[in-house]
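Quick note on labels: first sequence line is chain A, next is B, and so on, each numbered from 1.
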2 protein chains.
Amino acid sequence: MGILMPMATPGADPLTIEVVELIGAVVARYHEEYEEAAAQHALTGVQARVLSLLSLEPLPMRRVAERLKCEPSNITGIVDRLEARGLVERRPSPDDRRVKLAGATEEGRATVCRLRTSLDFAREPLGELSTEERTALRDLLRRMLGTRD
Amino acid sequence: MGILMPMATPGADPLTIEVVELIGAVVARYHEEYEEAAAQHALTGVQARVLSLLSLEPLPMRRVAERLKCEPSNITGIVDRLEARGLVERRPSPDDRRVKLAGATEEGRATVCRLRTSLDFAREPLGELSTEERTALRDLLRRMLGTRD
DNA sequence: TATTGTTATACTCTATAACTATA
DNA sequence: TATAGTTATAGAGTATAACAATA
């Protein structure tokens, strides 16, 4: 665990540097908490990610790879391991017999629910902020990410 | 690549949910850009992280493991690979002959400099924000993270 | 005895390339 | 021929357990 990086930015003003460092801290915390929550259910971070994705709706393997930004060949093994534990099922697509749709089972969806409960990143640190502050944070993050709205 | 997670938070209000999603987007972007910048220098994310760490000051292997929040046995291989490329050196500690200090070489530090230049996460999206907005963002992130200051 | 770094082992994730079955 | 999923392979990161050297 732990793939994060504290990298000062040369040429930037101290304020920008501090903001970048704070974002790094948020990223680190987000990851740690996610991996921990996943581990509590004997899942890796990637497995938890795929399971959450498939709990919303069944997806062709290829789509899962796109979402994860990895090669399709990798999805085979990840879904294999989830399927072996009864959390995910593969079924052929009615439209195209080449396609397999992967979807969460009942138990898979239940696991995702418990996973969400473990993941207190949302409630805990954000709990410090008032509604006005959350709104301000939302607007700043939107602008940072170039979200049009 | 890609270990990130879009997880709605049940029970939370829409504003909180959106903020969590935005943070998820920032985390995803941060990771992608970091991995990309590392790959441009034929480094993995973890290697770039360790190299940056050691470019500041030499550290005992054990300390590197603590910073990365992983088992010390893993650091051996990571430093081996960096050392094989001449980016890092091991030398015995003068204080304790059990300890090995890992430090970046001249070339290692040069690589870290180039890495930083590639990593435009700081300048680009933050460039959208005025000084006042950056200050506001800094204060909100500080409060979120419980930074005392 | 305890600690530091290493080795050995096994598992997961990753990219690449080749294969199969469909289209 | 093109596409979806798989298999095979190799490399990297990870945790666990056992080991040598040193404290």
Side-chain angles (χ1 to χ4, degrees), chain A residues 1-5 31-32 34-36 38-51 54 58-85 87-103, chain B residues 1-5 31-32 34-36 38-39 41-51 53-54 58-85 87-103:
Chain A
M1 292 189 190
I3 317 191
L4 304 172
M5 42 278 162
H31 254 89
E32 283 166 31
Y34 195 83
E35 293 281 337
E36 255 176 55
Q40 278 171 22
H41 298 88
L43 294 169
T44 66
V46 172
Q47 286 168 1
R49 167 102 164 88
V50 170
L51 187 56
L54 299 181
L59 286 176
M61 306 289 281
R62 184 108 349 199
R63 298 291 155 264
V64 179
E66 284 167 7
R67 293 298 209 83
L68 258 64
K69 293 199 217 299
C70 75
E71 293 300 314
S73 60
N74 298 322
I75 304 304
T76 299
I78 295 167
V79 168
D80 279 352
R81 288 181 275 278
L82 289 170
E83 197 168 28
R85 289 175 53 185
L87 302 173
V88 158
E89 271 176 350
R90 269 184 258 231
R91 57 165 231 259
S93 163
D95 303 329
D96 184 335
R97 277 162 39 194
R98 291 172 303 181
V99 173
K100 287 182 193 167
L101 296 169
Chain B
M1 290 189 191
I3 317 190
L4 303 172
M5 40 282 164
H31 253 88
E32 282 166 32
Y34 195 82
E35 294 280 338
E36 254 175 56
H41 299 88
L43 293 169
T44 66
V46 171
Q47 286 168 2
R49 166 104 165 86
V50 169
L51 187 57
L53 204 58
L54 299 180
L59 287 175
M61 305 290 280
R62 184 106 352 199
R63 299 290 154 266
V64 179
E66 285 166 8
R67 292 301 208 80
L68 258 67
K69 293 200 215 301
C70 75
E71 294 299 314
S73 60
N74 299 322
I75 305 303
T76 300
I78 296 165
V79 168
D80 280 351
R81 287 182 275 276
L82 289 170
E83 198 168 28
R85 290 176 52 185
L87 302 174
V88 159
E89 271 176 348
R90 271 183 259 231
R91 58 166 231 258
S93 163
D95 303 330
D96 184 334
R97 278 163 36 197
R98 290 173 303 181
V99 173
K100 286 181 195 168
L101 296 170

Trainee: Within this structure, what is the CG-to-P distance between B/N74 and D/dT16, rounded to whole angstrom?
Mentor: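 Interatomic distance, CG of B/N74 to P of D/dT16: 10 Å.
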Trainee: Start with the C-alpha distance between A/L68 and A/I75, add both sets of side-chain angles, then the distance that settles side-chain contact (heavy atoms from CB on, under 4.5 Å), and finish with yes or no.
Mentor: CA-CA 9 Å; A/L68 258 64; A/I75 304 304; 4.2 Å; yes
Trainee: Of the non-hydrogen atoms in A/L51 and A/L87, which two are nearest, and what is the gap between them?
Mentor: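 Scanning both residues completely, I find the closest heavy atoms to be CD1-O, 3.7 Å.
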Trainee: Which heavy-atom pair separates B/R91 from B/P58 by the least distance, and what is that distance?
Mentor: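 The answer is NH1-CG, 4.1 Å.
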Trainee: If you compare all heavy atoms of A/V88 against all heavy atoms of A/A102, which two are closest, and at what distance to 0.1 Å?
Mentor: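 Here A/V88 and A/A102 meet closest at CG1-CB, 4.3 Å.
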Trainee: Given atom CG of B/L43 and atom P of C/dT14, what is their separation to the nearest angstrom?
Mentor: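 It is 19 Å, rounded to the nearest whole Å.
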Trainee: Quick check for you: to the nearest 0.5 Å, what is the distance between A/L101 atom CG and A/R63 atom CZ?
Mentor: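 One gets 10.5 Å once the value is rounded to the nearest 0.5 Å.
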Trainee: Take atom CD of A/E71 and atom C1' of C/dT14, then tell me their distance rounded to the nearest Å.
Mentor: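 So the CD-C1' distance, A/E71 to C/dT14, works out to 9 Å.
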Trainee: Reckon A/R62 has a side-chain N or O less than 4.0 Å from the OP1 or OP2 of D/dA2?
Mentor: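 Answer is no, no contact under 4.0 Å.
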Trainee: Shortest non-hydrogen contact from B/T44 to B/A38?
Mentor: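 Result for this residue pair: O-CB, 3.7 Å.
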Trainee: Within the pair A/K100 and D/dT6, is there a side-chain N or O less than 4.0 Å away from OP1 or OP2?
Mentor: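 Yes.
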Trainee: Mapping A/T44 and B/P60 to their closest nucleotides on DNA chain C, which lands nearer the 5' end?
Mentor: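 Upstream on the strand: B/P60.
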Trainee: Please report, rounded to the nearest Å, how far the P atom of D/dA4 is from the CZ atom of A/R63.
Mentor: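 Taking atom P of D/dA4 as the reference, CZ of A/R63 is at 6 Å.
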Trainee: Once you round it to whole Å, what is the distance between C1' of C/dC13 and CG of A/L82?
Mentor: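 Answer to the nearest Å: 13 Å.
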Trainee: So which atom in A/V99 and which in A/P60 form the shortest heavy-atom distance, rounded to 0.1 Å?
Mentor: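 It is CG1-CB, 3.7 Å.
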Trainee: Once you round it to whole Å, what is the distance between P of C/dG5 and CZ of B/R90?
Mentor: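 To the nearest whole Å, that distance equals 10 Å.
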Trainee: Measure CD/A/E66 against P/C/dA15 and give the value in whole Å, please.
Mentor: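 Those two atoms, CD and P, are 14 Å apart.
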Trainee: So which one's nearest nucleotide on DNA chain D is more toward 5', B/G77 or A/V99?
Mentor: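 Checking each residue's closest nucleotide, the 5'-ward one belongs to A/V99.
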Trainee: Scan for salt bridge (charged side-chain N to carboxylate O under 4.0 Å, His left out) pairs involving residues 72-84 of chain A, sequence neighbours excluded, and state none if there are none.
Mentor: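 Those involving residues 72-84 of chain A are A/D80-A/R90, A/E83-A/R90.
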Trainee: Could you write nucleotides 17-23 of chain D as a row of B, S and -, 5' to 3', where a protein heavy atom under 4.0 Å of any base atom gives B, of only sugar-phosphate atoms gives S, and otherwise -?
Mentor: B---BBS
Trainee: Could you please name the option among C/dG5, C/dC13, D/dT6 that lies closest to any side-chain atom of A/I78?
Mentor: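 Nearest listed nucleotide: C/dC13.
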Trainee: Over how many whole Å does the gap from A/R81 atom CZ to D/dT6 atom P extend?
Mentor: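 A/R81 atom CZ is separated from D/dT6 atom P by 12 Å.
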Trainee: Which heavy atom in B/A42 sits nearest to a heavy atom in B/R85, and how many Å separate them?
Mentor: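 Taking every non-hydrogen atom into account, O-NH1, 2.6 Å.
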Trainee: Could you tell me, to 10°, how much the axis swings from one end of the helix from C/dT1-D/dA23 to C/dA23-D/dT1 to the other, five pairs per end?
Mentor: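 Taking five pairs per end, the axes differ by 10°.
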Trainee: The side chain of B/Q47 is closest to which nucleotide in this list: D/dT14, C/dT14, D/dA12?
Mentor: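 Out of D/dT14, C/dT14, D/dA12, the nucleotide with an atom closest to B/Q47's side chain is D/dA12.
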